[in-house]
Amino acid sequence: MPINQPSNQIKLTNVSIVRLKKAGKRFEGQVASSEDLKKAFGTVSADDIVREILKKGEIQLGEKEREHASSNTLKEIATLVAEKCVDPITQRPYPVGMIEKAMSEAGFSLKPGKTTKSQVLECIKLLQSNSTLPIQRARMRVRVTMPMKDGKRLKDAVLETAEKVEENDFAGDEWEAIMVIDPGQFKVLNELIQSDTALKGKGRVETLSMAAGAAEDL
């Protein structure tokens, strides 16, 4: 005979367990002795104990909640990869769905405790080495300006960071260079300018664009 759910019964399908460790005991739903409750909470009142557990306890995610959270994080990483990378031949970004498929092919998995930002960088490296999807970081187009005397002194070091130099001009009392660089060189270039004490803050590095309209570099 089938067992029917009573019409006045509410089925809870999204329930989380709240855990609290106190006085050497872990309270998370199991029946505890009155002695343990009194020792840990100073009371055996169920209402008072429940309020403290809900206020101070840790929510334990169920399997469905963990799967949902992981799925969202993977989607976020795939979206960021799609924004920051392109097809090396067309220089156009890939659809997020194609990136997700490549992540699965390459065996990418989430690393607990690591930030999304750091995992995006790891994901890009893994796709480049372990997937069949041709992919590279979108190039940055930057402008570097500084006083003429400093430009004469630092020009060679600045231009070494470029994959392509579009402009390299001394005009008036200023030197300006517009270059296309690998995003990994942006930090190198910025530190070169910022660490030069003779510039006294007069050197600037400006991001003009990313290939295929990609977002700002990580």
Side-chain angles (χ1 to χ4, degrees), residues 73-106 108 114-218:
T73 302
L74 285 170
K75 186 79 171 181
E76 181 182 1
I77 290 173
T79 300
L80 290 171
V81 171
E83 289 177 350
K84 300 177 184 303
C85 295
V86 294
D87 180 326
I89 297 175
T90 66
Q91 290 297 302
R92 301 296 301 172
Y94 287 111
V96 174
M98 192 174 292
I99 296 294
E100 289 180 301
K101 184 177 179 181
M103 288 167 62
S104 177
E105 176 192 3
F108 177 79
K114 287 199 171 185
T115 65
T116 298
K117 177 179 176 179
S118 66
Q119 293 192 78
V120 168
L121 295 175
E122 290 180 4
C123 182
I124 293 172
K125 292 177 182 177
L126 187 67
L127 293 180
Q128 290 174 330
S129 62
N130 288 19
S131 80
T132 58
L133 186 72
I135 193 169
Q136 72 174 32
R137 296 287 297 277
R139 272 29 188 174
M140 300 178 70
R141 189 165 176 264
V142 299
R143 175 189 289 120
V144 181
T145 55
M146 62 184 67
M148 180 181 293
K149 61 182 180 65
D150 297 299
K152 291 179 178 179
R153 180 170 54 87
L154 296 174
K155 182 182 73 170
D156 290 344
V158 169
L159 297 183
E160 279 181 7
T161 66
E163 288 189 356
K164 177 183 178 182
V165 178
E166 295 182 357
E167 294 184 23
N168 172 23
D169 297 320
F170 288 97
D173 59 353
E174 190 173 69
W175 175 65
E176 176 184 271
I178 295 179
M179 315 181 299
V180 176
I181 65 172
D182 181 283
Q185 290 295 313
F186 183 81
K187 184 177 181 180
V188 174
L189 181 58
N190 196 51
E191 288 180 348
L192 173 66
I193 304 300
Q194 298 299 323
S195 64
D196 192 287
T197 55
L199 275 173
K200 299 179 180 179
K202 294 180 180 178
R204 298 189 306 277
V205 182
E206 177 186 358
T207 302
L208 299 178
S209 64
M210 295 286 287
E216 185 177 319
D217 184 47
L218 279 169

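What you see is a predicted model, and the numbers here were worked out from it, not measured in a lab.
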Chemist: A side-chain contact here means heavy atoms from C-beta on lying under 4.5 Å apart; do Leu154 and Leu199 qualify?
Modeler: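 Sidechains of Leu199 and Leu154: in contact.
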Chemist: Between Arg204 and Thr145, do the side chains contain a donor N or O and an acceptor N or O under 3.5 Å apart?
Modeler: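 Distance-only check passes for Thr145 and Arg204.
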Chemist: With a 4.5 Å cut-off on side-chain heavy atoms, are Pro134 and Ile89 touching?
Modeler: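 Side chain of Ile89 against side chain of Pro134, heavy atoms only: no contact under 4.5 Å found.
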Chemist: Quick one: side-chain hydrogen bond (donor to acceptor under 3.5 Å, both in side chains) partners of Asp87, sequence neighbours excluded?
Modeler: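 For Asp87 the side-chain hydrogen bond (donor to acceptor under 3.5 Å, both in side chains) partners, ignoring immediate neighbours, are Tyr94.
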Chemist: State whether the side chain of Ser104 and the backbone N or O of Lys101 hold a donor-acceptor pair below 3.5 Å, judged by distance alone.
Modeler: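 No, because the side chain of Ser104 does not come within donor-acceptor range (under 3.5 Å) of the backbone of Lys101.
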Chemist: Looking at Gly203 and Met146, what are the two nearest heavy atoms and their distance?
Modeler: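 Shortest heavy-atom contact: CA-CB, 4.0 Å.
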Chemist: Could you tell me if the side chain of Arg153 sits less than 4.5 Å from the side chain of Lys149, heavy atoms only?
Modeler: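 With C-beta onward as the side chain, the pair stays apart.
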Chemist: Specify the closest pair of heavy atoms between Val86 and Pro93, including all atoms of both residues, with the distance to one decimal.
Modeler: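 In this case the closest contact between Val86 and Pro93 is CG1-N, 4.1 Å.
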Chemist: Less than 4.5 Å apart, any side-chain heavy atom of Glu122 and any of Lys114?
Modeler: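 When only atoms from C-beta onward are counted, Lys114 and Glu122 do touch, with a gap below 4.5 Å.
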Chemist: Passes side chain to side chain contact (heavy atoms under 4.5 Å, CB included), Asn190 versus Lys187? Steps please.
Modeler: CA-CA 5 Å; Asn190 196 51; Lys187 184 177 181 180; 5.7 Å; no
Chemist: Could you pull out the closest heavy-atom pair between Ala78 and Glu100, with the gap in Å?
Modeler: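 Shortest heavy-atom separation between Ala78 and Glu100 comes out as CB-CG, 3.5 Å.
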Chemist: Could you tell me the separation between the NZ atom of Lys84 and the CE atom of Met140, rounded to the nearest 0.5 Å?
Modeler: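 Going from NZ on Lys84 over to CE on Met140, the span is 9.5 Å.
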Chemist: Work out which heavy atom in Leu126 is nearest to a heavy atom in Ala106; give both atom names and the distance.
Modeler: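 Reported closest heavy-atom pair: CD2-O, 3.7 Å.
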Chemist: Are the side chains of Leu133 and Ile99 in touch, meaning some heavy atoms are under 4.5 Å apart?
Modeler: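 When only atoms from C-beta onward are counted, Ile99 and Leu133 do touch, with a gap below 4.5 Å.
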Chemist: I need the Glu105 CD to Met98 CE distance, nearest 0.5 Å.
Modeler: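 So the gap between those two atoms works out to 11.5 Å.
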Chemist: Enter the distance from Leu127:CG to Ile135:CD1 here, rounded to the nearest 0.5 Å.
Modeler: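 One finds 5.0 Å between CG of Leu127 and CD1 of Ile135.
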Chemist: Between Arg137 and Leu121, is there a side-chain heavy-atom distance shorter than 4.5 Å?
Modeler: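 Answer yes - side chains close enough.
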Chemist: Side chain to side chain contact (heavy atoms under 4.5 Å, CB included), that's the test. Do Lys164 and Arg139 meet it? Break it down for me.
Modeler: CA-CA 10 Å; Lys164 177 183 178 182; Arg139 272 29 188 174; over 6 Å; no
Chemist: Find out whether Val188 and Ile181 are in side-chain contact, i.e. whether some heavy atom of one side chain is under 4.5 Å from a heavy atom of the other.
Modeler: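 SC-SC contact between Val188 and Ile181 ruled out.
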Chemist: Carefully, step by step, assess Met103 and Ile77 under the rule side chain to side chain contact (heavy atoms under 4.5 Å, CB included).
Modeler: CA-CA 10 Å; Met103 288 167 62; Ile77 290 173; 4.0 Å; yes
Chemist: Is there a side chain to side chain contact (heavy atoms under 4.5 Å, CB included) between Glu163 and Asp182 once you walk through the steps?
Modeler: CA-CA 7 Å; Glu163 288 189 356; Asp182 181 283; 3.8 Å; yes
Chemist: Extract all donor-acceptor atom pairs below 3.5 Å that involve side chains of residues 167-180 and protein atoms in other chains or at least two apart in sequence.
Modeler:
from   : atom 1 : to     : atom 2 : distance (Å)
Asn168 : OD1    : Trp175 : NE1    : 2.7
Glu176 : OE1    : Arg143 : NE     : 3.3

Chemist: Measuring from Leu80:CG to Cys85:SG, what's the distance to the nearest 0.5 Å?
Modeler: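 The SG atom of Cys85 is 10.0 Å from CG of Leu80, to the nearest 0.5 Å.
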Chemist: Could you pull out all residues at least two apart from Lys202 that satisfy salt bridge (Lys or Arg N to Asp or Glu O under 4.0 Å)?
Modeler: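 With neighbours one apart ignored, the set is empty.
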Chemist: Could you tell me which non-hydrogen atom of Asp150 sits nearest to which non-hydrogen atom of Ala198, and how far apart they are?
Modeler: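 Closest approach of Asp150 to Ala198, heavy atoms only: OD1-O, 4.2 Å.
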Chemist: For Ala82 and Val96, which heavy atoms make the closest approach, and how far apart are they?
Modeler: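 Looks like CB-CG2, 4.0 Å.
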